[in-house]
Structures are given as structure tokens and as C-alpha cells.
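Bear in mind the structure is a predicted one, so any value in this text is a computation, not a measurement. In what follows, every heavy atom counts, from backbone to side chain, and hydrogens, waters and symmetry copies are set aside. Quick note on labels: first sequence line is chain A, next is B, and so on, each numbered from 1.
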There are 2 protein chains.
Amino acid sequence: MSELSKRRLKTWIRLLGVTRAAEAELREFLRLQHDTTLPRFDVMAALWRRREGLTMSELSRMLLVSNGNATAVVDRLEKDGLARRRPSETDRRTVFVDLTEEGLRAFEGMAEGHEMEVDRLLSDLDDADLEAMVTLLRKMKKDRK
Amino acid sequence: MSELSKRRLKTWIRLLGVTRAAEAELREFLRLQHDTTLPRFDVMAALWRRREGLTMSELSRMLLVSNGNATAVVDRLEKDGLARRRPSETDRRTVFVDLTEEGLRAFEGMAEGHEMEVDRLLSDLDDADLEAMVTLLRKMKKDRK
DNA sequence: GTCTAAAACTTTAAGCTTGAAATGAATCGG
DNA sequence: CCGATTCATTTCAAGCTTAAAGTTTTAGAC
């Protein structure tokens, strides 16, 4: 194993640690301030961004979760009256999901606090740092398959 | 909401996306090549690094998971004969966990492949990139509480 | 010494997550 | 049209994860 490879491994472990710690803080914020969870927030954020509705497949692809997982989270949001399923008129396989009025209001009530939390978590990164970070992430993302 | 705050949010979302995608590839590697999971690998790696054994509390702190979670994963590893619990002689509350012979061999059989996978995932980052990344992560990590 | 608080774990209930299998629907080649 | 394949989704079993509550043990205050 090369020296470089070992350095990549250490960097990866550190990256994972920092993101997990940050996620834990966000999760705690959502639980204490809004009595909800990160997966629910993520789904609601996706539905908020695409107000016209998303298919289940689009949703799971956007969030990088399995299709069965998306089904489960949407089930619970629907049970709580925050999301809604609507069958497609043209393709009877597909289902559109969107937020209900209540879901929209609930998300709007959380979004600003969430952004403030993230702002706090990254508060030591200035514009130049953010640009550097994005550049590095873009390099990592490049398709390798 | 300031412009900078919005940029931090976008950067965070991207960071999360990239690490989740990388984690998914590692998970797939572990499943296909070694019929195991990321949490199990993480626990085994921690036990490998600290060969003399770890308490359950140390383990959950190292991995940033709840204590109940550590209990569950160690239960399964123990059932499979890969890890072992040993009560402390001086403090009857604490339990030491370590890898069995079989666990050591199993981990050694996976470690190189895992490092190669990570090397591949970060293959577009050279030494300078890695240093830049670590610097940024250190900034993020700084205590904010 | 005794009482109280803290610590180390485990247990529990609920929710999250995955991969695989199942269902039902659309598409495509012939 | 028909049969095979692909596609969108759900269901399922197993494992992961958390927060909270519970158990047992240790340590500290007095």
C-alpha cells in the first residue's frame, strides 16, 4: 500500500467523522426543536424544492436511499398528514408525492432554523474555504466506474 | 439569511451527497466481496486498531454511535465468533471487547481491499488536495459549543 | 457507614435502511 | 396481438440506529 493511499484512507476517515458529527447535531436540533428526524426533514426538503411533486423513484434517487426506504418514510409522513400520494393519470405504475398544506407550513417552520444550524456548523469556513471545499468535492464526485 | 449562509448550506448538502455516495460504494464492496456490512467493518476496524481491547463506552464514542447501537453490533459479531466480551476484573460495570483469532483473520482479509476501495474513491485527490481537505475538515471540527 | 449521584451497560420501542422478492403496468420486437 | 423485458412501486426480513428507561456497580458527600 502506497503512502498516498494511506493518506487517502486517513482523510476519508476524518471526512466521515466530521460529517457524522455534524449530522448528529442536526438530528438533535430537529428532534429538540421540531420533534422530527433527519430522514423526514430530507424528504420534506426534496418535496419543497420540487413543489409540483416527485415520483417515488425520483425521490429515492435524489436522496440516495433505496426505493423501499422512500416508501417507508413517505408512508409515515402521509400518516401524519404532511405528505400526499397522487397516482399518475398517464402511467398507472407511477405515484407522485407532494407536501400537503400542513406539510408546507411545517417545513417552512423548520427551514430557517436548519439553515442557521448549518451556518453555525460551517461558521469557520469563509467564502474561499467554501469554494475550495466544493472544488475538492467535485473532484471526488467525478465518475470512476 | 445571508448570502454566505446560503453558500454554507449548499456546500453542506454537497458534502453530504458525496460522502453518502462514497459510503454506498464501500457498503456494496463489503457486501459483495466479504458478505458483511459497514457498521460491522467499522467496529472490527476499531477493535483492530486497539488490539488490547476497548470498553463498550470507548467503542461507541470512537464510532459516534449510541451505546445501545454498539451493544447490538457487538452482540452480532460475538454470535458469529468474530468478537468477544471480557468482564473487567477491577470494575464489574465495564466490559472489554476484542477480536477473536477468527475476527482478526477476517478483518485482515478485508482491510486491504477496503483501503483499495477508498484509494479509488479519492483517486483524483493528490497530496496537496488531501492536505487542503484535512485543513478544511479541521476548521469544521473546531468546537463550537 | 449510608445515601445519593454518577457511570457502564443492556433493554426496549420506534423508526430508519437495505437488498431481494413480489406485484402490476408499460413497452418493444416480432 | 403476444410474449418477454423493463419499469415503478411496495412488501418483507434482517439489520442498523436512536433516545429513553432500567440494572447493576462504583464513587463521593457527609
Which nucleotide sits closest to the side chain of [X]: [options]?
{"X": "A/Arg85", "options": "C/dC9, C/dT17, D/dT10", "value": "D/dT10"}
{"X": "B/Arg93", "options": "D/dC16, D/dT25, C/dC9", "value": "D/dT25"}
{"X": "B/Pro39", "options": "C/dT10, D/dC16, D/dT10", "value": "D/dC16"}
{"X": "A/Arg27", "options": "D/dT18, D/dG15, D/dT10", "value": "D/dT18"}

Say whether, by atom type as modelled, one donor and one acceptor occur between the side chain of [X] and the main chain of [Y] under 3.5 angstrom.
{"X": "B/Asp91", "Y": "B/Arg93", "answer": "yes"}
{"X": "A/Asp126", "Y": "A/Ala128", "answer": "yes"}
{"X": "B/Arg8", "Y": "A/Leu125", "answer": "yes"}

How many whole angstroms separate atom [atom1] of [X] from atom [atom2] of [N]?
{"X": "B/Leu59", "N": "D/dT17", "atom1": "CG", "atom2": "C1'", "answer": "14 Å"}
{"X": "B/Leu32", "N": "C/dT18", "atom1": "CG", "atom2": "C1'", "answer": "13 Å"}
{"X": "A/Arg31", "N": "D/dA20", "atom1": "CZ", "atom2": "P", "answer": "5 Å"}
{"X": "B/Leu26", "N": "C/dT18", "atom1": "CG", "atom2": "C1'", "answer": "16 Å"}

Under 4.0 Å, heavy atoms only, any strand: does [X] hit a base, just the sugar-phosphate, or nothing?
{"X": "A/Arg20", "result": "nothing"}
{"X": "B/Thr71", "result": "base"}
{"X": "B/Arg61", "result": "nothing"}
{"X": "B/Leu64", "result": "sugar-phosphate"}
{"X": "A/Thr94", "result": "sugar-phosphate"}

Problem - Closest-nucleotide ordering on DNA chain C, the 5'-leading residue of A/Asp91 and A/Ser66 - result: A/Ser66
Report yes if a side-chain nitrogen or oxygen of [X] is closer than 4.0 Å to either non-bridging phosphate oxygen (OP1 or OP2) of [N]; otherwise report no.
{"X": "B/Asn69", "N": "D/dT18", "result": "yes"}
{"X": "B/Ser57", "N": "C/dA7", "result": "no"}
{"X": "A/Asn67", "N": "D/dT9", "result": "no"}

